[in-house]
S.K.: 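This is the structure I have questions about; it appears just below.
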Amino acid sequence: RMARPAKLDEPTKQYKLLMTVKQYDVLDRHAKMLQKTSREQISVADVIRESIDIYIDAIEETNGDSSNVGLVANNSVR
């Protein structure tokens with residue numbers, strides 16, 4: 001049995017996430033759509049990590065000013 005290759009090349013931390021079925025289903029459909037054009041497996045976890053990175057970038061762009069984070073994050077997604 002082959003070991004699963006590491007997706008992240010830096011230290012990691014696990015976090016258990018509770019989400020609605022609707023949220024999961026939307027992310028699952030998006031992951032499957034991305035999978036069709038990718039050479040690598042794309043999972044719901046990959047989509048969530050990418051979303052977190054977008055949000056963190058928005059926080060950093062606004063120097064932590066939470067009143068502007070939503071605006072920057074919305075622009076990053078488009």
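Owing to the predicted nature of the structure, the values given are computational and were not obtained by experimental measurement. We're numbering straight along the sequence, starting at 1.
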S.K.: Okay, side chain of D46, backbone of S43: is any donor-acceptor separation there less than 3.5 Å?
M.R.: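 Yes, the answer is positive, given that a donor and an acceptor are paired below the 3.5 Å cut-off.
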S.K.: Determine yes or no for a side-chain-to-main-chain donor-acceptor pair under 3.5 angstrom, with Q35 supplying the side chain and H30 the backbone.
M.R.: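 Here the side-chain-to-backbone pair does not exist.
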S.K.: Are L8 and I54 co-members of a hydrophobic cluster defined by side-chain heavy atoms under 4.5 Å apart?
M.R.: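 No; L8 is not reachable from I54 via cluster members.
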S.K.: Check salt bridge (Lys or Arg N to Asp or Glu O under 4.0 Å) between R29 and all other residues, then give those that pass, not counting sequence neighbours.
M.R.: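 Checked R29 against salt bridge (Lys or Arg N to Asp or Glu O under 4.0 Å); zero matches.
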S.K.: With the 4.5 Å side-chain cut-off for hydrophobic clustering, are V47 and I56 part of the same group?
M.R.: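 Shared cluster, yes.
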S.K.: Which value, rounded to the nearest 0.5 Å, describes the distance between D57 atom CG and I52 atom CD1?
M.R.: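 Answer rounded to 0.5 Å: 12.0 Å.
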S.K.: List the atom pairs, with distances to 0.1 Å, where a side-chain N or O of residues 14-21 and a protein N or O form a donor-acceptor pair under 3.5 Å, not counting sequence neighbours.
M.R.:
| from | atom 1 | to | atom 2 | distance (Å) |
| --- | --- | --- | --- | --- |
| T20 | OG1 | Q23 | N | 3.0 |
| T20 | OG1 | Q23 | OE1 | 3.4 |

S.K.: Looking at residues at least two apart in the chain, or sitting in another chain, which of them share a salt bridge (Lys or Arg N to Asp or Glu O under 4.0 Å) with D25?
M.R.: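 Salt bridge (Lys or Arg N to Asp or Glu O under 4.0 Å) list for D25, sorted by chain: empty.
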S.K.: Do the side chains of V44 and M33 join up, straight or via other hydrophobic residues, at under 4.5 Å, putting them in one cluster?
M.R.: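 Linked, V44 and M33 end up in one cluster.
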S.K.: Using a strict 4.0 Å threshold on nitrogen-to-oxygen distance, state whether R49 and D53 make a salt bridge.
M.R.: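 Between D53 and R49 there is no salt bridge, as every charged N stays at least 4.0 Å from the carboxylate O atoms.
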S.K.: Would you compute the distance between atom CD of Q41 and atom NZ of K7 and round it to the nearest 0.5 angstrom?
M.R.: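 Here the interatomic distance stands at 5.0 Å.
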S.K.: I48 and Y24: same hydrophobic cluster, using ILVMFWY side-chain contacts below 4.5 Å?
M.R.: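 Both belong to a single hydrophobic cluster.
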